[in-house]
K.L.:
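The structure that follows is given in the form of structure tokens.
Values reported hereafter were calculated over all heavy atoms of this structure, with side chains retained and with hydrogens, waters and symmetry mates removed.
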Amino acid sequence: LLIAASCVLIACLGLTGLALDHAFRESALVAVQERLQAQVFMLLGAADSDSDGQLTLPNTLPEARFSTPGSGLYAQVLDRDGALIWRSASLLGMKLPPLPSLPVPGQLIFQQIDATDATPLFSLNFTVSWEISTGNYRYYTFQVAETRRGFNDQVAGFRRSLWGWLLISALVLLL
């Protein structure tokens, strides 16, 4: 009876643990995407055009991590041809991998990047059609990236806690 109950309990708690782990991981991914989207919109709000119609961004941004080299939060702006227009100071000594293709205006593309010269990143790309004069538009792609370190630490912490509590629950129920 104890062996049968143990097998059923392990199966049920194991499946519950896997389901909770998957749900937490998906929820954490959505949170990362929403955080990066907020950063893109912050950059859009700070962007302006100069007298020549070129896109400009201020030297200091509301998010201090964009100004700190190696902070784990990076941004750059590309033109329609993929040429670099602006990059955050946090990208000092680094390069974000080139995009396979630029998104169409209004489209958000969230992806995981395995950079060769840095830690793995989450990246969100958003292209806008910027009106520089009446009927005259330029396309700019805003790319914001964040290291996966914080995400991985969060998921690992949750997994340790989850499996620890499920193990304790299984032992208490078996006793």
Side-chain angles (χ1 to χ4, degrees), residues 15-48 54-130 138-166:
L15 290 174
T16 300
L18 290 175
L20 288 173
D21 180 70
H22 178 74
F24 180 80
R25 187 167 163 42
E26 291 301 313
S27 174
L29 270 175
V30 168
V32 168
Q33 183 174 353
E34 288 174 353
R35 189 170 54 245
L36 291 178
Q37 186 174 344
Q39 297 298 338
V40 165
F41 291 148
M42 183 272 302
L43 288 173
L44 279 168
D48 201 3
Q54 259 318 64
L55 183 81
T56 61
L57 281 144
N59 292 332
T60 56
L61 294 165
E63 175 59 66
R65 292 188 300 161
F66 283 129
S67 301
T68 309
S71 66
L73 182 65
Y74 313 105
Q76 65 183 19
V77 179
L78 309 171
D79 69 6
R80 178 180 223 148
D81 301 322
L84 185 67
I85 299 294
W86 174 87
R87 59 187 280 156
S88 65
S90 59
L91 270 171
L92 184 68
M94 291 181 60
K95 255 175 86 173
L96 291 178
L99 299 173
S101 65
L102 298 177
V104 296
Q107 179 185 22
L108 287 167
I109 295 180
F110 178 70
Q111 58 189 359
Q112 296 182 35
I113 299 174
D114 293 318
T116 56
D117 62 342
T119 57
L121 302 168
F122 289 114
S123 172
L124 185 79
N125 307 301
F126 183 65
T127 299
V128 294
S129 176
W130 195 273
R138 290 190 181 157
Y139 294 95
Y140 296 105
T141 299
F142 288 75
Q143 183 179 23
V144 176
E146 182 177 54
T147 61
R148 286 193 240 167
R149 188 178 24 231
F151 172 81
N152 292 339
D153 291 345
Q154 184 181 18
V155 170
F158 176 78
R159 284 178 176 163
R160 278 191 304 275
S161 177
L162 172 69
W163 292 110
W165 282 108
L166 286 177

K.L.:
Could you walk me through whether L162 and F24 pass side chain to side chain contact (heavy atoms under 4.5 Å, CB included), step by step?
P.N.:
CA-CA 10 Å; L162 172 69; F24 180 80; over 6 Å; no
K.L.:
Sequence neighbours excluded, which residues qualify as side chain to side chain donor-acceptor pair (under 3.5 Å) partners of S90?
P.N.:
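If we apply the side chain to side chain donor-acceptor pair (under 3.5 Å) test to S90, skipping adjacent residues, the hits are S88.
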K.L.:
Does the R148 side chain pair with the main chain of I113, one donor and one acceptor, at a distance under 3.5 Å?
P.N.:
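Yes; judged by distance alone, with no hydrogens or angles, the pair exists.
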K.L.:
I want to check something: taking the side chain as every heavy atom from C-beta on, are L78 and L84 in contact at a cut-off of under 4.5 Å?
P.N.:
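Sidechains of L84 and L78: in contact.
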K.L.:
Which of parallel (below 30°), tilted (30 to 60°) and perpendicular (above 60°) describes F126 and F41?
P.N.:
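Perpendicular.
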K.L.:
Rounded to the nearest 0.5 Å, what separation is found between the CD atom of E34 and the CG atom of L124?
P.N.:
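E34 CD to L124 CG: 11.0 Å, rounded to 0.5 Å.
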K.L.:
Does the side chain to side chain contact (heavy atoms under 4.5 Å, CB included) test come out yes or no for L36 and V40, once each step is laid out?
P.N.:
CA-CA 6 Å; L36 291 178; V40 165; 5.7 Å; no
K.L.:
Are the side chain of T68 and the backbone of A64 linked by a donor-acceptor contact shorter than 3.5 Å?
P.N.:
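It does hold such a pair.
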K.L.:
With R35, which residues qualify under side chain to side chain donor-acceptor pair (under 3.5 Å), at least two apart?
P.N.:
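Checked R35 against side chain to side chain donor-acceptor pair (under 3.5 Å); matches are E146.
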K.L.:
Do D21 and R159 pass the side chain to side chain contact (heavy atoms under 4.5 Å, CB included) test, and can you show the C-alpha distance, the side-chain angles, and the key distance before you say yes or no?
P.N.:
CA-CA 7 Å; D21 180 70; R159 284 178 176 163; 2.6 Å; yes
K.L.:
Nearest 0.5 Å please: distance from the CZ atom of F142 over to the CD1 atom of I85.
P.N.:
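One finds 10.0 Å between CZ of F142 and CD1 of I85.
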K.L.:
Name the orientation class of the two ring planes belonging to Y140 and W130 (parallel below 30°, tilted from 30 to 60°, perpendicular beyond 60°).
P.N.:
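Ring orientation of Y140 relative to W130: perpendicular.
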K.L.:
Return yes if some donor-acceptor pair links the side-chain N/O of S123 with the main-chain N/O of A145 below 3.5 Å, else return no.
P.N.:
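No.
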K.L.:
Is it the case that more than 12 heavy atoms not belonging to N59 sit under 6.0 Å from its CG atom?
P.N.:
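Not buried by this count: 12 neighbours or fewer within 6.0 Å.
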